[in-house]
Amino acid sequence: MGVRRRQAQTRRSPADVLLGLLSLAALVALVAGVPYALVRFVGSPLPDGPLDMSLLTQQLDFEALFGILAVFVWLAWFQLLVCLAVELQAGVRGIGVPVRVPLAGGTQAVVHKLVVAVLLLFTATTAIVPAFAQAPAGPPKAVVTAEQGAPTAQAPDVRLVSSPSAEEPDGETTKIYKVQPPHGRHHESLWEIAEKTLGDGRRYKEIFELNKGHVQPDGSRLREASLIRPGWVMEMPGDARGTLIIPKSELRDYFQYGHAVADKPSKPDKPAPEQPKQQDTPKQDVPKQDTPKQDTPKQEAPKPQASPQVPKPPAKPEAPGTVHGAPQAPVESPPAETAEQEFPWPEALAASSLLAAGVLTALGRRRRAQVLARETGMMIVRPEGEAAKVEQALRIGADAEGIRVLDLGLRRLSQALAAQNRTLPTVYGLHLGTDSMDLWIAPADPNPPAPWEPHDGGQVWRLHTANLTPLSSADLSEVLAPYPGMISLGVGSTGRVLADLEAAHGVISLDGPPRQRKEALAAVAVELATSTWADHMRLTLVGFGPELAELAPDRIRCVTSLAEALPELESRTAEVRRALSATGADSVLTGRCRGVSGEAWMPHYLVMADQPTKADAARLAALARTAQRLSAGYIVAGHVEGAAWQWTIDEEGTLDAGVLGFQVQAQRIPEPQYRAVAELVRTAGRKDGIRLPEITVEHPPAAAPSAEIRVMGGIAVRASGQMEDTRRDICTEVLVYLATHPGGVHPTVLSGAVWPRGVTAGVRDATIAMAADWLGRDARGRPNLYSDERGRLRLGSEVAVDLQQFQYLLWRSAAEPAAEAAYLSHALELVRGRLLAPRPRGRYSWLAVDALEYEVTARVVDAAHRLAQVRLGERDPHAAVAAARAGMRLAPDDELLWRDLLRATDVTGDPAAVQAVLNEIRGRADLDLLHPETEALIDDLSPRLHARGA
């Protein structure tokens, strides 16, 4: 651990004393002298009698104007008093950032300086100055910064405060400031930091210029002066006060990690993107390993009178708002770093919202095939390591609603134009915002079909996303995807920008540094491979590894050179030309809009990561150049002579789309990340399963719970405390994570799960304290959320968790065969819907690196299947139907339960009910590929249905 020390100034200089006396005189004059002068020379501000309303209509004279001016002076004096009270409270109590008084920016700044000078005069030391600069309150002492390897839980995040007498590091130095966590509803701004450290808020621009574009510890960059986040490190001008002085050689470490790094990790052979290393984030599946293994009784059920084995909370009640149960023994260190954490947090995937949603959709299809092959007592294989971290980033970034708007909006446009016997316009660009989608079309057309609206003389067609609410995929299932070549270029200031590969009518070249352009082209390839706004597609990749073909084997072909790809591209172009001639369509847009010869308009796109040779480039340009729109698109690396569109990307990842006029932060995927995506997809293709672990029960469910957490359906927390709406989601996630890991969770593990992009210890601890206050105390006054003797966070014995109740009942059903059906029935009553659904977007990404989702789904399906079998054996088919339906509340796509439902419904002897179930199966779009056993059962039941009907 590296240590740096700064001694605070402990003596006042004569200048400090003089400044304090002058400030005190100024405050006395302002507070007492102003009202005395007003009363003596103007009079009392209070009226002698009732107000004369005629004053509002008569002509103003000098005396009236003077009186109005006096009123404004009184108001300004009152505002000054409020500012003085606020600043005195902040200074004396050392609470950090004072509350901002509305409409008093300049006044409060002056009062702030006067109060600081006066307090310096009356305090024994100058320790009050760091308090005003948001340093920890208390007497001055040496402050230690945590270096790499220090446990986060034991090394709080402390910002050092420099003073004129501080000993500076040897060599060239610079000054930094660490953005502090929010204080209540107050967040720091660059203006406030400049005002506090430079004495003038208007100098915030200097701080912005020093820090713009630097990658911060959370992986993001400072791009707008109004947007800074807690934990960011700001390099400061040389005259800044109340800052940390560091060697300039360590500045990059502070930007990347938030602290200095003693032993820097070795650099990879290939240059890696500027991504932050998660130095303080433990392996995400550690919670499972941290849970103490207990022996599970198998023959005898626990006796009802047995006392629950609950870790002892602290003997003395602590003040509300604290994390309870501070251990007396040494706290267990957080889990050690592993080699997996050398893989940086995949920020690029988390920022690629449409791509992320497409990859997750492809994963869902593969995992459904895994579920079809699953045997009872087993769960499907889950990703681990880098693949699991990648899925976590995908879950955070995925914009399923954006994909829905893009897909349905474009198909609805094609449907509406076809109804009007019009053809689709040429769309060269698309902007997807939070509440609308814009199409840039050429030539302009001021008459779009409803609900689209024209803007800019018809150059832009706009669709408000609210108008798509009544539509579903089934309504447009027969409409061909009109623009399958839409690709994300990147993100602008107001949303995501896309361009249509087919609209170029030629080759698109992407020039720039080799690494940046390959990462941008890799993002294009992955997005096209998994896009849901295209029907069928052929995608040829040149210069990428064969692993990308695993994303969509039915779409992708990987080749080593352009010469190898050209024959197929030329053959496909000839086929499309023949189809256009045969149908009489002027372009593929007309064919797609009319819905004729659908296979003829299937696109074929080329994405090439290497710069082609001159001969191959000339051959490709000749093939691509056409006045007639074809279902083809070509985007290649490097400068290509004769390219229709020439795009460039720079070192910082800014993409300039040339004649299209777009300049965005490019969507990019580094090679290690798309390789991890391929591994994730590969894992989802495995059909071998993993045996479910034995259920361990620490104690029976609480008979009279004082709080409740429900996860088996809609997420719900019932607690006695209060919670702000703005903090409810994050505090709920913290409690849910603890509820699903009953063995206890170290705070560092919790940080890595709930805040995978990183979080300061202050924000984490404040959130935990807020959640503890919300959860309240049990009947004996003990906190329902506390820290045990090993430093792990745990829920108390009076917190009821439906998942733990479910597992307890499953265990009892196995221990008492005579009451098996009753226990299983009671357990399934707890299942209200899908696990932890619905979830706020970007939350609960830790499910990707946790076995919870896989294990709970398998247990619920197995319990429902077993209960249906038992009820059928008891000749109670209606109860068997109810059992299957209960399991389908959580796993609606599981065909084992669909088969149980069909068999049980058939035994009831009601052919109409059987037909209704068959219609349910056929009506589910997500059951497009049925298991052979399900198909055989349907084929067996259908003839009997017809016979009964006859």
Side-chain angles (χ1 to χ4, degrees), residues 291-309 371 374-380 689-703 711-713 740 742-743 797 800-832 835 851-852 854-891 894-908 933 937:
T291 305
K293 185 74 174 179
Q294 298 189 13
D295 296 331
T296 305
K298 296 183 179 179
Q299 302 298 328
E300 184 178 355
K303 298 179 180 180
Q305 65 269 23
S307 58
Q309 300 176 357
V371 170
R374 186 189 74 88
E375 299 177 358
T376 55
M378 309 286 284
M379 64 180 180
I380 65 175
I690 300 175
R691 183 160 298 281
L692 287 168
E694 294 183 355
I695 297 177
T696 59
V697 177
E698 290 191 355
H699 55 78
V711 300
M712 303 189 72
T740 54
S797 60
V801 179
D802 58 353
L803 176 59
Q804 295 175 17
Q805 293 173 332
F806 176 82
Q807 293 174 329
Y808 173 77
L809 291 169
L810 288 189
W811 175 62
R812 292 295 295 264
S813 71
E816 300 181 34
E820 179 186 21
Y823 282 121
L824 290 177
S825 179
H826 190 189
L828 290 172
E829 289 175 0
L830 298 172
V831 179
R832 297 171 292 110
L835 182 71
L852 179 71
Y854 305 87
E855 182 178 336
V856 171
T857 302
R859 290 198 190 281
V860 169
V861 171
D862 287 355
H865 173 63
R866 174 58 184 163
L867 183 58
Q869 288 181 319
V870 170
R871 294 306 190 194
L872 283 176
E874 296 172 348
R875 300 182 182 277
D876 189 350
H878 292 286
V881 168
R885 291 285 187 189
M888 288 165 61
R889 289 197 291 267
L890 186 138
D894 194 284
E895 289 190 34
L896 177 63
L897 298 182
W898 280 102
R899 293 195 293 272
D900 288 338
L901 179 62
L902 272 172
R903 293 190 184 100
T905 307
D906 182 53
V907 174
T908 63
E933 189 175 345
L937 180 59

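In what follows, residues are counted from 1 in the order of the sequence shown. No experiment lies behind these values; they were computed from the predicted model shown.
Tyr854 approaches Met379 most closely through the heavy-atom pair O-CB, 3.9 Å. The shortest heavy-atom contact between Leu872 and Pro877 is CD2-CA, 4.1 Å. Pairing each heavy atom of Leu890 with each of Val856, the nearest pair is CD1-CG1, 4.3 Å. Here the closest non-hydrogen pair linking Gln804 and Pro742 is NE2-CB, 3.5 Å. For the pair Ala904 and Ala880, the tightest heavy-atom approach, listed with the atom from each and the gap, is CB-CB, 3.7 Å. Residues Ala864 and Leu828 come closest through the heavy atom pair CA-CD1, 3.7 Å.
If you take CG on Leu835 and CE on Met712, they are separated by 7.0 Å, rounding to the nearest 0.5 Å. Here the CG atom belonging to Leu902 is positioned 10.0 Å from the CD atom belonging to Glu895, to the nearest 0.5 angstrom. In this structure, His865 NE2 and Arg899 CZ are separated by 8.5 Å, a value rounded to the nearest 0.5 Å. Separation of atoms CG (Leu824) and CG (Leu810) is listed at 6.5 Å; rounding is to 0.5 Å. The distance from the CZ atom of Phe806 to the CD1 atom of Ile695 is 7.5 Å, given to the nearest 0.5 Å. To the nearest 0.5 Å, the span separating CH2 on Trp811 from OG1 on Thr696 amounts to 10.5 Å.
Between Leu809 and Leu830, some side-chain heavy-atom pair lies under the 4.5 Å cut-off. Looking at heavy atoms from C-beta onward, Val711 lies out of side-chain contact with Leu852 at the 4.5 angstrom threshold.
Taking the salt bridge (Lys or Arg N to Asp or Glu O under 4.0 Å) definition, one finds that Arg885 meets it with Glu920, sequence neighbours left out.
Judged by distance alone, with hydrogens and angles left aside, the side-chain atoms of Asp900 form no donor-acceptor pair with the main-chain N or O of Ala868 at under 3.5 Å. Side-chain N or O atoms of Ser825 include none that pairs as donor or acceptor with a backbone N or O of Ala822 at under 3.5 Å. Judged by distance alone, with hydrogens and angles left aside, the side-chain atoms of Arg812 form no donor-acceptor pair with the main-chain N or O of Ala819 at under 3.5 Å.
At most 12 heavy atoms of other shown residues, nucleotides or ligands fall within 6.0 angstrom of atom CD in Glu375.
Under the salt bridge (charged side-chain N to carboxylate O under 4.0 Å, His left out) criterion, the residue pairs touching residues 858-869 are Arg374-Asp862, Glu820-Arg866, Glu855-Arg859, with sequence neighbours excluded.
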